[in-house]
Number of protein chains: 2
Amino acid sequence: MIGLGAISDTDGVDPHLLRSFVAVARRRSFSAAARELGFTQSAVSQQVAALEADLGAVLLNRRPVTPTRAGARLLDHAVPLLLRLDAARADVARLAAPPSARVVVGASPLAVTALGPALADVRREHPDLVVTVRVLGRSALIREVATAAVDVGLADGAVAPSDSLPLPDAGPLRAVGVLERPLAVLLPPRHPLAGRAGLRLADLAAAGWIDAPDTAVPLGRLRTAAGAEGYRASVRYEGTDVGGLVALVGAGHGLAVLPDPTGAALSGVTAVPVTEPRLVHRVEAVHSPTLAGVPAALAAALTG
Amino acid sequence: MIGLGAISDTDGVDPHLLRSFVAVARRRSFSAAARELGFTQSAVSQQVAALEADLGAVLLNRRPVTPTRAGARLLDHAVPLLLRLDAARADVARLAAPPSARVVVGASPLAVTALGPALADVRREHPDLVVTVRVLGRSALIREVATAAVDVGLADGAVAPSDSLPLPDAGPLRAVGVLERPLAVLLPPRHPLAGRAGLRLADLAAAGWIDAPDTAVPLGRLRTAAGAEGYRASVRYEGTDVGGLVALVGAGHGLAVLPDPTGAALSGVTAVPVTEPRLVHRVEAVHSPTLAGVPAALAAALTG
DNA sequence: CCAAGTTACGAGTCACGTAAGGATT
DNA sequence: AATCCTTACGTGACTCGTAACTTGG
């Protein structure tokens, strides 16, 4: 027997076709996707047709190009799938590559402070080391770590004390706790509760909140943690800058939950510790287990 | 330009090659893997060679066949990757398939009890419905749900109250809480602490435990939750039968953590509630968002 | 009728199987 | 010598590009 043709029976779906399908769905155009991928539009058309034949379902409506129900479903799978495929390659490649003197650290905004002493130690040890610190949103952070675009990621989140962070899994990454701090609600200066020593989150379900999923504790997290509905967003904040968020809270646009001693800039707002539920703001260092050289030393310094 | 050959630059790794590589690594033999896959042994040899060339690293030592460091790393990626690939296909296929009257429910041992009234409702509604209940370990459960081998999964775990379970993500599954109960430590009848009204987990770090990762709360989970070392396993229990585990505890072979009113069979052991850390035993229903027909009704009944 | 997607067709490449070649026990 | 993996080679299949065709706004 030769060839065998249908890849379908044994393997899941062909990632090559999947990649093209994703591009078409994103650009809502076969021609644009073809340009992006470096194919002719004909080839992309054939690829999508092949994928549809393989799966036995129409994935895209044409003119205008729109995902069908099945197509939308496949898209949900496709993005993390392609990410993991890249991650696998990057991870093996790193084992073969020579250890580099360059270090890239990725960190979500509230995790940057955790770098402090560990980074100092490593830079003392390697004086001519160039360290790049890149501030990223939560989802981007894991993607970058998985594909080896950053060596060490510092992720943060609100969890029960000494619990680990619920990270989207983009491969077998190592995650170890670096720092845990109490949580606090940021209130504008003349807020009625600003004088309190501690607050229960459930009491603030009806307040107006700022949804800053990449910077503060996401509102969805508050809902599941408090086991309550509410926590409606009045403003959505898409930056990754804590100062900007603090300013918005100070101006009375809504509340936000952050780690308690926010460090430097607390001008214009009041931070009141959260007493219930019992959560902490936790920072974890995330990196590939195959990390070596200076990046590995930094990871060790962070966690030790 | 024609052909283009190297799939490598654009896509991650070729799943077809990956599948063969995994088979070879598992069987520790090219020939055995070839038989399993329905290829000639020559083909498998070429496939592994192609994968190694593509990744620029030797993945397997030959004679005897053993994964290299890079190979072991790739294996860590490969298994979940191939699972997700299958999951994507299964998920789209389900959309095209006609709704079936057959329902398969998967459940981890401690989650079965959560089926009770919801299942009764659905069976009353559909009298001639055949429901299959399959008891599975935690990891198998998610795999089966993702590949549509079971329609609805009931997973369990120990988490902070109203937190969601940390499930390995095998695709975009929907998970909703069904049940939360207090946790308890199972003690043999004449254990010195058997009379206590409540126990702190940290006080039992030095005790002898039974590691029953598929049945009780895994010991690793206890360590991270209590933020302490210890919880050494004296016995490892690989079954999925709660009764057997209870018997072992009763015979003094070690302790285990389970939901508090374990239901029926508590003969021969004492259950003492865990007061610290504040965790609950939570059951979640897990299923594909594309679920339809009777399985969807069951899922709704479970969560409503 | 024009933009956008599909279909027809041919060329280059690939992935098998068969068969011969090495190496290790 | 037997087993197991690798290499050589040939063939059928596949995937792409070019180009003609179709269709919807």
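Worth knowing before you read on, the calculation uses all heavy atoms, side chains too, and leaves out hydrogens, waters and symmetry mates. Throughout, protein chains are lettered first and strands after them, A, B, ... in sequence-line order, and every chain is numbered starting at 1.
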Considering residues at least two apart in sequence or located in another chain, which fulfil the ring pair (Phe, Tyr, Trp, His ring centres under 6.0 Å) criterion with B/Y237? none
For the helix from C/dC1-D/dG25 to C/dT25-D/dA1, what angle separates the axis at the start from the axis at the finish, each from five pairs, in steps of 10°? 30°
Side-chain N or O of B/S42 less than 4.0 angstrom from OP1 or OP2 on C/dG17? no
Do you know which two heavy atoms are closest between A/L60 and A/A25, and how far apart they sit? CD2-CB, 4.3 Å
Here the distance between atom P of D/dC5 and atom CG of B/L59, to the nearest Å, is 16 Å
Considering residues at least two apart in sequence or located in another chain, which fulfil the side chain to side chain contact (heavy atoms under 4.5 Å, CB included) criterion with A/A299? A/V152, A/H287, A/L291
Considering only heavy atoms from C-beta outward, does the side chain of A/R73 approach that of A/D76 to under 4.5 Å? yes
Please collect all salt bridge (Lys or Arg N to Asp or Glu O under 4.0 Å) contacts where either partner lies in residues 293-304 of chain A, sequence neighbours excluded, each pair once. none
Distance-minimising heavy-atom pair for B/L136 and B/T240: C-CG2, 4.4 Å
Measure from CG on B/L17 to P on C/dC14 and round the result to the nearest Å. 13 Å
Between the protein and nucleotides 22-25 of chain C, list the N/O to N/O atom pairs that are separated by less than 3.5 angstrom.
residue, atom, partner, partner atom, Å
C/dG22, N2, B/R63, NH2, 3.3
C/dA23, N3, B/R63, NH2, 3.1

Would you jot down, in residue-number order, the residues of residues 22-34 of chain A having a non-hydrogen atom under 4.0 Å from DNA chain C? A/S29, A/F30, A/S31
Please check the phosphate of D/dC16 (OP1 and OP2 only) for any side-chain N or O of A/H16 closer than 4.0 Å. yes
For atom CG of B/D14 and atom C1' of C/dT13, their distance in whole Å: 15 Å
A/D214 meets the side-chain hydrogen bond (donor to acceptor under 3.5 Å, both in side chains) criterion, sequence neighbours left out, with none
Expressed in angstrom and rounded to an integer, what is the separation of B/F39 atom CZ from C/dT18 atom P? 13 Å
Counting the atoms with a prime plus P, OP1 and OP2 as sugar-phosphate, which does B/V44 contact under 4.0 Å by heavy atoms, base, sugar-phosphate, or nothing? nothing
Whole angstrom is fine here: how far is it from CZ in B/R19 over to P in C/dC16? 14 Å
By side-chain hydrogen bond (donor to acceptor under 3.5 Å, both in side chains), B/H77 pairs with (sequence neighbours left out) A/D91
Name all residues meeting the side-chain hydrogen bond (donor to acceptor under 3.5 Å, both in side chains) criterion together with A/T147; count only those two or more places apart in sequence or in a different chain, and write none if there are none. none
What is the distance, to the nearest angstrom, from the CG atom on B/D54 to the P atom on C/dA15? 10 Å
Who pairs with A/D169 by side chain to side chain contact (heavy atoms under 4.5 Å, CB included), at least two apart in sequence or on another chain? A/R84, B/D169
How would you list, by chain and number, every residue that makes a side-chain hydrogen bond (donor to acceptor under 3.5 Å, both in side chains) with B/R232, sequence neighbours excluded? none
Which whole-number value in Å describes the distance from B/R35 CZ to C/dG17 P? 14 Å
Would you please confirm or rule out a distance under 4.0 Å between OP1 or OP2 of C/dG17 and any side-chain N or O of B/Q41? no
Residue-phosphate contact under 4.0 Å: B/Q46 side-chain N/O, D/dC5 OP1/OP2: no
What donor-acceptor contacts under 3.5 angstrom involve side-chain atoms of residues 33-40 of chain B, with partners at least two apart or in another chain?
residue, atom, partner, partner atom, Å
B/E36, OE1, B/R27, NH1, 2.4
B/T40, OG1, B/A43, N, 3.2

If each of A/R62 and B/T40 is mapped to the nucleotide of DNA chain C with the nearest heavy atom, which maps nearer the 5' terminus, i.e. the 5' end? A/R62
5′-ward residue of the pair A/A43/B/A49 relative to DNA chain D: B/A49
Rounded to whole Å, how long is the line connecting atom CG of A/L60 with atom P of C/dT6? 9 Å
